[in-house]
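None of these values were measured; they are calculated from a predicted model. Computed over heavy atoms, backbone and side chain alike; hydrogens, waters and symmetry mates excluded.
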Amino acid sequence: MKINKFNIIVLITAAALVSALALWGPEAISTYWDQKTLNQVTVEPLESSGEGYRYELGSNEKLYIVSKCLNSQIPSGSERSTKLREDEESLNYEELTGTYAFVVNRQEPSDREITEEAIFQVCNDGLREMKELGILPDEVKEVTASAYSAVLYSAIDVLEPRNNVSVWKVSLSTNRQNADKSGRLLDAYIDADTGKIYEFYVRTQTTWKSMDPGAMAAAWAEYMELSEPQEYESDNPLLENTPYFEKYRFAGMDEGSTVVTVGFYEGINELYLKISR
(Lines give C-alpha, C1' and ligand atoms only; values in the text may rest on other atoms or scores of the structure.)
Protein backbone atom coordinates (compact mmCIF):
# COMPACT_ATOMS: atom_id res chain seq x y z
CA MET A 1 0.00 0.00 0.00
CA LYS A 2 1.47 3.30 -1.05
CA ILE A 3 1.58 6.10 1.50
CA ASN A 4 0.40 9.42 0.23
CA LYS A 5 3.26 11.93 0.18
CA PHE A 6 0.93 14.64 1.54
CA ASN A 7 -0.01 12.54 4.55
CA ILE A 8 3.67 11.99 5.35
CA ILE A 9 4.25 15.73 5.35
CA VAL A 10 1.24 16.28 7.65
CA LEU A 11 2.46 13.62 10.10
CA ILE A 12 5.98 15.08 10.18
CA THR A 13 4.61 18.59 10.77
CA ALA A 14 2.31 17.38 13.58
CA ALA A 15 5.18 15.56 15.28
CA ALA A 16 7.33 18.69 15.07
CA LEU A 17 4.56 20.80 16.63
CA VAL A 18 4.05 18.32 19.50
CA SER A 19 7.79 18.30 20.18
CA ALA A 20 7.90 22.10 20.17
CA LEU A 21 4.97 22.35 22.56
CA ALA A 22 6.58 19.80 24.88
CA LEU A 23 9.78 21.82 24.97
CA TRP A 24 8.54 25.40 25.13
CA GLY A 25 4.86 25.09 26.07
CA PRO A 26 5.15 24.89 29.88
CA GLU A 27 7.59 27.79 30.00
CA ALA A 28 5.36 29.92 27.76
CA ILE A 29 2.26 29.18 29.88
CA SER A 30 4.17 29.94 33.09
CA THR A 31 5.40 33.25 31.67
CA TYR A 32 1.85 34.16 30.63
CA TRP A 33 0.40 33.51 34.10
CA ASP A 34 3.28 35.35 35.77
CA GLN A 35 2.56 38.40 33.63
CA LYS A 36 -1.14 38.07 34.44
CA THR A 37 -0.78 37.78 38.24
CA LEU A 38 2.48 39.49 39.25
CA ASN A 39 2.18 43.10 40.49
CA GLN A 40 -1.60 42.74 40.48
CA VAL A 41 -3.79 43.30 43.57
CA THR A 42 -6.41 40.63 44.12
CA VAL A 43 -9.18 40.65 46.70
CA GLU A 44 -10.61 37.49 48.21
CA PRO A 45 -13.31 37.30 50.89
CA LEU A 46 -11.76 35.99 54.10
CA GLU A 47 -13.37 35.32 57.45
CA SER A 48 -12.43 38.09 59.82
CA SER A 49 -10.49 36.92 62.86
CA GLY A 50 -10.24 40.36 64.42
CA GLU A 51 -13.85 40.90 65.32
CA GLY A 52 -14.28 37.55 67.01
CA TYR A 53 -18.01 38.07 67.44
CA ARG A 54 -20.32 35.23 66.43
CA TYR A 55 -23.69 36.79 65.68
CA GLU A 56 -25.10 33.42 64.67
CA LEU A 57 -25.04 32.20 68.28
CA GLY A 58 -28.55 31.33 69.42
CA SER A 59 -30.12 32.70 72.59
CA ASN A 60 -29.58 29.45 74.51
CA GLU A 61 -25.95 29.30 73.37
CA LYS A 62 -25.25 32.90 74.39
CA LEU A 63 -26.90 32.29 77.76
CA TYR A 64 -24.73 29.22 78.27
CA ILE A 65 -21.50 31.08 77.44
CA VAL A 66 -22.30 34.05 79.70
CA SER A 67 -23.28 31.69 82.53
CA LYS A 68 -20.05 29.71 82.23
CA CYS A 69 -18.00 32.90 82.18
CA LEU A 70 -19.74 34.37 85.22
CA ASN A 71 -19.26 31.10 87.07
CA SER A 72 -15.55 31.26 86.31
CA GLN A 73 -15.13 34.37 88.46
CA ILE A 74 -18.11 34.90 90.78
CA PRO A 75 -18.33 32.87 94.02
CA SER A 76 -21.71 31.46 95.04
CA GLY A 77 -24.10 33.41 97.22
CA SER A 78 -25.40 36.95 97.26
CA GLU A 79 -22.88 39.58 96.26
CA ARG A 80 -24.66 42.08 98.44
CA SER A 81 -25.05 39.93 101.55
CA THR A 82 -21.39 38.78 101.48
CA LYS A 83 -19.88 42.03 100.14
CA LEU A 84 -18.57 40.32 97.02
CA ARG A 85 -19.04 43.43 94.93
CA GLU A 86 -15.78 44.86 96.31
CA ASP A 87 -13.99 41.57 95.76
CA GLU A 88 -15.16 41.42 92.16
CA GLU A 89 -13.94 44.93 91.41
CA SER A 90 -10.49 44.10 92.83
CA LEU A 91 -9.97 41.08 90.53
CA ASN A 92 -7.39 41.33 87.77
CA TYR A 93 -9.43 40.03 84.85
CA GLU A 94 -6.46 40.11 82.49
CA GLU A 95 -4.77 37.31 84.46
CA LEU A 96 -7.73 34.92 84.49
CA THR A 97 -7.14 31.55 82.87
CA GLY A 98 -9.32 28.54 82.27
CA THR A 99 -11.91 27.34 79.85
CA TYR A 100 -14.10 30.45 80.14
CA ALA A 101 -13.21 34.05 80.99
CA PHE A 102 -15.19 37.17 81.85
CA VAL A 103 -12.91 40.12 81.18
CA VAL A 104 -13.25 43.86 80.98
CA ASN A 105 -13.55 45.00 77.36
CA ARG A 106 -11.29 48.05 77.21
CA GLN A 107 -12.14 48.79 73.60
CA GLU A 108 -14.99 50.97 72.46
CA PRO A 109 -18.22 49.11 71.59
CA SER A 110 -18.45 48.15 67.93
CA ASP A 111 -20.98 49.84 65.68
CA ARG A 112 -23.31 46.89 66.31
CA GLU A 113 -23.15 47.09 70.10
CA ILE A 114 -24.94 49.34 72.58
CA THR A 115 -22.90 52.37 73.58
CA GLU A 116 -22.28 53.57 77.13
CA GLU A 117 -24.45 56.61 76.43
CA ALA A 118 -27.38 54.39 75.39
CA ILE A 119 -27.06 51.51 77.88
CA PHE A 120 -29.06 53.16 80.67
CA GLN A 121 -32.07 53.77 78.44
CA VAL A 122 -31.76 50.24 77.07
CA CYS A 123 -31.69 48.94 80.65
CA ASN A 124 -34.84 50.91 81.46
CA ASP A 125 -36.54 49.49 78.38
CA GLY A 126 -35.68 45.99 79.59
CA LEU A 127 -36.95 46.71 83.11
CA ARG A 128 -40.19 48.05 81.66
CA GLU A 129 -40.70 45.00 79.48
CA MET A 130 -40.05 42.63 82.38
CA LYS A 131 -42.57 44.51 84.52
CA GLU A 132 -45.17 44.05 81.82
CA LEU A 133 -44.40 40.32 81.72
CA GLY A 134 -44.71 39.99 85.49
CA ILE A 135 -41.04 39.19 86.04
CA LEU A 136 -40.36 42.34 88.06
CA PRO A 137 -42.65 44.25 90.47
CA ASP A 138 -43.89 47.62 89.26
CA GLU A 139 -42.10 49.43 92.08
CA VAL A 140 -38.64 48.92 90.53
CA LYS A 141 -37.33 52.36 89.61
CA GLU A 142 -35.58 53.42 86.45
CA VAL A 143 -31.80 53.70 86.36
CA THR A 144 -29.96 56.94 85.63
CA ALA A 145 -26.44 57.71 84.48
CA SER A 146 -25.90 59.86 87.58
CA ALA A 147 -26.66 57.04 90.04
CA TYR A 148 -25.37 54.01 88.13
CA SER A 149 -22.16 52.84 86.52
CA ALA A 150 -21.77 50.69 83.41
CA VAL A 151 -18.82 48.49 82.45
CA LEU A 152 -18.50 46.54 79.21
CA TYR A 153 -17.25 42.94 79.50
CA SER A 154 -16.45 40.15 77.10
CA ALA A 155 -17.63 36.63 77.96
CA ILE A 156 -15.23 34.36 76.07
CA ASP A 157 -15.01 30.64 75.44
CA VAL A 158 -11.22 30.42 75.74
CA LEU A 159 -10.94 27.17 73.80
CA GLU A 160 -13.11 28.59 70.98
CA PRO A 161 -12.63 32.39 71.18
CA ARG A 162 -15.06 33.04 68.35
CA ASN A 163 -17.77 32.01 70.79
CA ASN A 164 -17.99 35.23 72.76
CA VAL A 165 -20.66 37.61 73.97
CA SER A 166 -20.32 41.29 74.88
CA VAL A 167 -22.11 42.12 78.11
CA TRP A 168 -22.78 45.38 79.93
CA LYS A 169 -22.86 45.29 83.71
CA VAL A 170 -25.02 48.09 85.11
CA SER A 171 -24.62 48.63 88.86
CA LEU A 172 -25.77 51.07 91.48
CA SER A 173 -22.72 53.29 91.93
CA THR A 174 -20.57 52.54 94.97
CA ASN A 175 -20.95 56.12 96.19
CA ARG A 176 -24.70 55.45 96.50
CA GLN A 177 -24.38 52.30 98.62
CA ASN A 178 -25.72 53.98 101.75
CA ALA A 179 -28.67 55.46 99.90
CA ASP A 180 -32.18 54.04 100.11
CA LYS A 181 -32.15 50.93 97.91
CA SER A 182 -35.86 50.20 98.14
CA GLY A 183 -37.24 49.58 94.68
CA ARG A 184 -33.82 49.94 93.11
CA LEU A 185 -31.97 47.75 90.69
CA LEU A 186 -28.63 46.80 92.25
CA ASP A 187 -26.97 44.90 89.42
CA ALA A 188 -27.87 43.72 85.94
CA TYR A 189 -25.96 41.93 83.20
CA ILE A 190 -27.20 43.05 79.78
CA ASP A 191 -26.45 41.69 76.31
CA ALA A 192 -24.55 44.45 74.49
CA ASP A 193 -26.08 43.38 71.18
CA THR A 194 -29.75 42.69 71.97
CA GLY A 195 -30.21 44.64 75.20
CA LYS A 196 -31.73 41.58 76.92
CA ILE A 197 -31.13 41.31 80.68
CA TYR A 198 -29.42 38.03 81.61
CA GLU A 199 -29.30 38.54 85.36
CA PHE A 200 -30.62 41.05 87.89
CA TYR A 201 -30.81 41.85 91.60
CA VAL A 202 -33.46 44.30 92.86
CA ARG A 203 -34.77 45.47 96.22
CA THR A 204 -38.52 45.19 96.59
CA GLN A 205 -41.35 45.31 99.12
CA THR A 206 -42.93 42.26 97.48
CA THR A 207 -42.68 39.05 99.52
CA TRP A 208 -41.66 35.61 98.32
CA LYS A 209 -45.09 34.20 99.22
CA SER A 210 -46.75 36.52 96.73
CA MET A 211 -44.37 35.51 93.91
CA ASP A 212 -44.74 32.72 91.39
CA PRO A 213 -41.15 31.77 90.47
CA GLY A 214 -42.27 29.23 87.87
CA ALA A 215 -44.32 31.82 86.01
CA MET A 216 -41.48 34.33 86.35
CA ALA A 217 -38.97 31.87 84.87
CA ALA A 218 -41.29 31.03 81.99
CA ALA A 219 -41.93 34.71 81.26
CA TRP A 220 -38.21 35.47 81.42
CA ALA A 221 -37.53 32.61 78.98
CA GLU A 222 -40.06 34.13 76.58
CA TYR A 223 -38.47 37.56 77.03
CA MET A 224 -35.01 36.11 76.32
CA GLU A 225 -36.31 34.01 73.38
CA LEU A 226 -35.11 30.82 75.04
CA SER A 227 -36.38 27.27 74.93
CA GLU A 228 -38.82 26.09 77.60
CA PRO A 229 -37.34 25.91 81.12
CA GLN A 230 -37.08 22.52 82.78
CA GLU A 231 -37.21 22.01 86.53
CA TYR A 232 -33.82 21.50 88.14
CA GLU A 233 -33.97 18.73 90.71
CA SER A 234 -31.48 18.51 93.56
CA ASP A 235 -31.51 17.04 97.06
CA ASN A 236 -29.15 19.74 98.34
CA PRO A 237 -31.11 22.41 100.26
CA LEU A 238 -27.96 24.56 100.61
CA LEU A 239 -27.58 25.50 96.96
CA GLU A 240 -28.37 29.11 97.91
CA ASN A 241 -27.83 31.30 100.97
CA THR A 242 -31.59 31.49 101.35
CA PRO A 243 -34.41 28.94 101.61
CA TYR A 244 -36.47 30.92 99.09
CA PHE A 245 -35.44 29.91 95.60
CA GLU A 246 -36.33 27.77 92.61
CA LYS A 247 -33.92 26.56 89.95
CA TYR A 248 -34.57 25.80 86.29
CA ARG A 249 -32.52 24.23 83.55
CA PHE A 250 -32.16 25.46 79.95
CA ALA A 251 -30.53 23.68 77.04
CA GLY A 252 -27.02 24.97 76.36
CA MET A 253 -24.18 23.90 74.07
CA ASP A 254 -22.60 20.51 73.40
CA GLU A 255 -25.22 18.74 75.51
CA GLY A 256 -24.52 21.14 78.39
CA SER A 257 -27.17 23.19 80.15
CA THR A 258 -27.61 26.46 82.00
CA VAL A 259 -29.12 26.61 85.47
CA VAL A 260 -31.20 29.72 86.18
CA THR A 261 -32.22 30.63 89.72
CA VAL A 262 -35.14 32.77 90.84
CA GLY A 263 -34.62 33.60 94.50
CA PHE A 264 -35.33 35.99 97.36
CA TYR A 265 -33.27 37.18 100.33
CA GLU A 266 -35.63 37.82 103.20
CA GLY A 267 -34.66 40.65 105.55
CA ILE A 268 -33.10 42.79 102.87
CA ASN A 269 -36.03 42.02 100.51
CA GLU A 270 -33.83 41.28 97.53
CA LEU A 271 -35.28 39.52 94.52
CA TYR A 272 -32.88 38.04 92.04
CA LEU A 273 -32.75 36.07 88.84
CA LYS A 274 -29.29 34.80 88.10
CA ILE A 275 -27.55 32.54 85.64
CA SER A 276 -24.39 32.28 87.73
CA ARG A 277 -24.30 29.64 90.42
Could you walk me through whether Tyr189 and Tyr198 pass the ring-ring contact (aromatic ring centres under 6.0 Å, His included) check? CA-CA 5 Å; Tyr189 290 93; Tyr198 288 109; 8.7 Å; no

Can you measure from [atom1] ([X]) to [atom2] ([Y]) and round to the nearest 0.5 angstrom?
| X | Y | atom1 | atom2 | value |
| --- | --- | --- | --- | --- |
| Leu226 | Glu61 | CG | CD | 11.5 Å |
| Glu160 | Asp254 | CD | CG | 10.0 Å |
| Met224 | Ile135 | CE | CD1 | 9.5 Å |
| Ser146 | Phe120 | OG | CZ | 9.0 Å |
| Gln107 | Glu113 | CD | CD | 9.5 Å |
| Ser149 | Leu172 | OG | CG | 8.0 Å |

Between Asp187 and Ser171, do the side chains contain a donor N or O and an acceptor N or O under 3.5 Å apart?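 Their side chains do contain a donor-acceptor pair, which is all the 3.5 Å distance test asks for.
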
Does either side chain, that of Ser257 or that of Arg249, offer a donor lying less than 3.5 Å from an acceptor on the other one?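 Note: Ser257 and Arg249 side chains meet the donor-acceptor criterion.
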
Sequence neighbours left out, what passes ring pair (Phe, Tyr, Trp, His ring centres under 6.0 Å) with Phe250? Give chain and number order.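 Trp220.
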
Just checking, Lys274 and Phe200: is the charged tip under 6.0 Å from the six-membered ring centre and within 45° of the axis?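 No, cation not above the ring by the 6.0 Å, 45° rule.
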
Only counting residues at least two apart or in another chain, list the ones meeting side chain to side chain donor-acceptor pair (under 3.5 Å) with [X].
| X | value |
| --- | --- |
| Asn269 | none |
| Tyr244 | Glu266 |
| Tyr248 | none |
| Glu139 | Thr204, Thr206 |

Hey, can you tell me if Tyr153 and Phe102 have their rings parallel, tilted or perpendicular (30° and 60° cut-offs)?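 Parallel: the ring planes of Tyr153 and Phe102 meet at under 30°.
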
Over 60° means perpendicular and under 30° means parallel, so classify the ring planes of Tyr100 and Tyr64, tilted if in between.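 If you compare the ring of Tyr64 with that of Tyr100, the planes turn out perpendicular.
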
For [X] and [Y], work out which heavy atoms get closest and say how close.
| X | Y | result |
| --- | --- | --- |
| Asn241 | Tyr265 | O-CE2, 3.8 Å |
| Val122 | Gly195 | CG1-CA, 3.7 Å |
| Ala251 | Ser227 | N-OG, 4.1 Å |
| Leu271 | Val262 | CD1-CG1, 4.5 Å |
| Ser166 | Leu152 | CB-CD1, 4.3 Å |
| Tyr223 | Gly126 | OH-CA, 4.0 Å |

Whether [X] side chain and [Y] backbone form a donor-acceptor pair below 3.5 Å:
| X | Y | answer |
| --- | --- | --- |
| Thr261 | Gly263 | no |
| Glu199 | Ser276 | yes |
| Asp180 | Ser182 | yes |
| Asn124 | Val143 | yes |

Is the shortest side-chain heavy-atom distance between [X] and [Y] below 4.5 Å?
| X | Y | result |
| --- | --- | --- |
| Arg184 | Tyr148 | yes |
| Val158 | Thr99 | no |
| Tyr272 | Glu240 | yes |
| Leu185 | Cys123 | yes |
| Asn60 | Thr258 | no |
| Phe245 | Pro213 | no |

Taking 4.0 angstrom as the limit, do Arg112 and Asp193 come out as a salt bridge?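 A salt bridge is absent here (no side-chain N lies under 4.0 Å from a carboxylate O).
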
Let's go through Ile275 and Leu63 carefully: what are the C-alpha distance in whole Å and the side-chain angles of both, what is the deciding distance for side-chain contact (heavy atoms from CB on, under 4.5 Å) to 0.1 Å, and is it a yes or a no? CA-CA 8 Å; Ile275 61 176; Leu63 178 73; 3.5 Å; yes

Does the side-chain contact (heavy atoms from CB on, under 4.5 Å) test come out yes or no for Lys62 and Lys196, once each step is laid out? CA-CA 11 Å; Lys62 295 174 74 173; Lys196 298 293 186 179; over 6 Å; no

Check against salt bridge (Lys or Arg N to Asp or Glu O under 4.0 Å), Arg203 and Glu270: CA-CA 4 Å; Arg203 293 289 175 87; Glu270 185 170 308; 3.0 Å; yes

Could you walk me through whether Ile190 and Ile119 satisfy the side-chain contact (heavy atoms from CB on, under 4.5 Å) test, starting with their C-alpha distance in whole Å, then the side-chain angles of each, then the deciding distance to 0.1 Å, before giving a yes or no? CA-CA 9 Å; Ile190 305 171; Ile119 188 57; 4.2 Å; yes

Could I get the full list of side-chain contact (heavy atoms from CB on, under 4.5 Å) partners for Ala118, not counting sequence neighbours?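 Residues passing side-chain contact (heavy atoms from CB on, under 4.5 Å) with Ala118: Ile114, Thr115.
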
Go through the steps to decide whether Met253 and Asn163 satisfy the test side-chain contact (heavy atoms from CB on, under 4.5 Å), and finish with yes or no. CA-CA 11 Å; Met253 298 178 67; Asn163 292 344; 3.8 Å; yes

May I have all residue pairs that pass salt bridge (Lys or Arg N to Asp or Glu O under 4.0 Å) and include part of residues 215-233, sequence neighbours excluded?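 Sorted result for residues 215-233: empty, none.
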
Mind checking what makes salt bridge (charged side-chain N to carboxylate O under 4.0 Å, His left out) contact with Arg128, not counting sequence neighbours?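 Only Asp125, Glu142 meet the salt bridge (charged side-chain N to carboxylate O under 4.0 Å, His left out) criterion with Arg128.
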
